[in-house]
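Just below is one structure, and these are the notes that go with it.
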Amino acid sequence: QVQLVESGGGLVQAGGSLRLSCAASGRTFSGYAMAWFRQDAGKERQFIAVITWSGGTSYYANSVKGRFTISRDNAKNTVTLQMNSLKPEDTALYYCAARLWTSSLQHVDYEYWGQGTQVTVSS
């Protein structure tokens, strides 16, 4: 089992920045690909970014490419999402997710999820 706890959400004006963190506990963190997804009310959960278990490769949704950066610290069992140039359409509940070994862009492939942290961007 892997337990994930997100933090760092909040209210920010358009153009601003937030840094989300996800703290993992349980099994060996370094063996898991880590991803961020988001979900707005009435919409499907959307892939945002993923980083491989080694941290060597990351992928981003086109909607956030160039604005968001995912990183991980396997020594501290944390993964972060730095979000810059935020837009009102980035408003959503952001989730951290873990998948053993291989990364995926599909939310159904992830075994472990945090409870989510709300990000609200005002115009």
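What's counted below: heavy atoms across the whole structure, side chains too, no hydrogens, waters or symmetry copies.
Placement of Trp113 and Leu20 in two distinct hydrophobic clusters is found when ILVMFWY residues are connected by side-chain heavy-atom separations under 4.5 Å, directly or transitively. One hydrophobic cluster holds both Trp36 and Val121 under the rule that ILVMFWY side chains link at heavy-atom gaps under 4.5 Å. Note on Val119: it clusters hydrophobically with Val79, by side-chain heavy-atom contacts below 4.5 Å among ILVMFWY residues. With hydrophobic clusters built from ILVMFWY side chains whose heavy atoms lie under 4.5 angstrom apart, Phe29 does not share a cluster with Val5. When hydrophobic clusters are built by joining Ile, Leu, Val, Met, Phe, Trp and Tyr residues whose side-chain heavy atoms come closer than 4.5 Å, directly or via intermediates, Leu86 is not grouped with Leu93.
Residue Gln115 qualifies as enclosed at atom CD: its count of foreign heavy atoms under 6.0 Å is above 12. In Tyr112, the OH atom is crowded: over 12 heavy atoms of neighbouring residues, nucleotides or ligands sit closer than 6.0 Å.
Pairing each heavy atom of Gln39 with each of Ala92, the nearest pair is O-CB, 3.6 Å. Between Ala14 and Pro88 the shortest heavy-atom distance is CB-CD, 4.1 Å. Minimum heavy-atom separation, Leu100 to Gly31: CD1-O, 3.6 Å. Residues Ser104 and Asp109 approach most closely at OG-OD2, 2.5 Å, considering heavy atoms.
Ile48 contributes atom CD1, which lies 12.5 Å from atom NE2 of His107 (distance to the nearest 0.5 angstrom). Taking OH of Tyr95 as the reference point, atom CG of Leu4 lies at 13.0 Å (rounded to 0.5 Å). The distance from the OG1 atom of Thr80 to the CE atom of Met34 is 10.5 Å, given to the nearest 0.5 Å. Annotation: the span from Gln3 atom CD to Ser25 atom OG amounts to 4.0 Å, rounded to 0.5 Å. Put simply, CG on Leu11 and OG on Ser122 are 5.0 Å apart, with the number rounded to the nearest 0.5 Å. Note that CD1 of Ile70 and OG1 of Thr57 are 12.0 Å apart. Values are rounded to the nearest 0.5 Å.
Using a 4.5 Å heavy-atom cutoff, the side chains of Gln46 and Ser63 are in contact. Under the 4.5 Å side-chain criterion, counting only non-hydrogen atoms from C-beta, Asn84 is not in contact with Phe68. Side-chain contact between Ser71 and Gln82: absent, with no pair of heavy atoms (C-beta onward) separated by less than 4.5 Å.
Cation-pi geometry between Arg67 and Tyr60 is not met: the NZ or CZ atom fails to fall both under 6.0 Å from the ring centre and inside 45° of the normal.
Side-chain rings of Tyr110 and Phe37 approach one another, their centers coming within less than 6.0 Å.
Looking only at atom types and distance, the side chain of Ser30 has no donor-acceptor partner in the side chain of Asn74 under 3.5 Å away. With no hydrogens or angles considered, no side-chain donor-acceptor pair links Thr78 and Asp73 at under 3.5 Å. In summary, the side chains of Tyr94 and Arg38 do present a donor paired with an acceptor at a separation below 3.5 Å, with no hydrogens or angles considered.
A donor-acceptor pair under 3.5 Å is formed between the side chain of Glu6 and the backbone N or O of Gly116. Checking side-chain atoms of Thr91 against main-chain N and O of Thr120 turns up no donor-acceptor pair under 3.5 Å.
Below 30°, between 30° and 60°, or above 60°: for Trp101 and Trp53 the angle between ring planes is above 60°, a perpendicular geometry.
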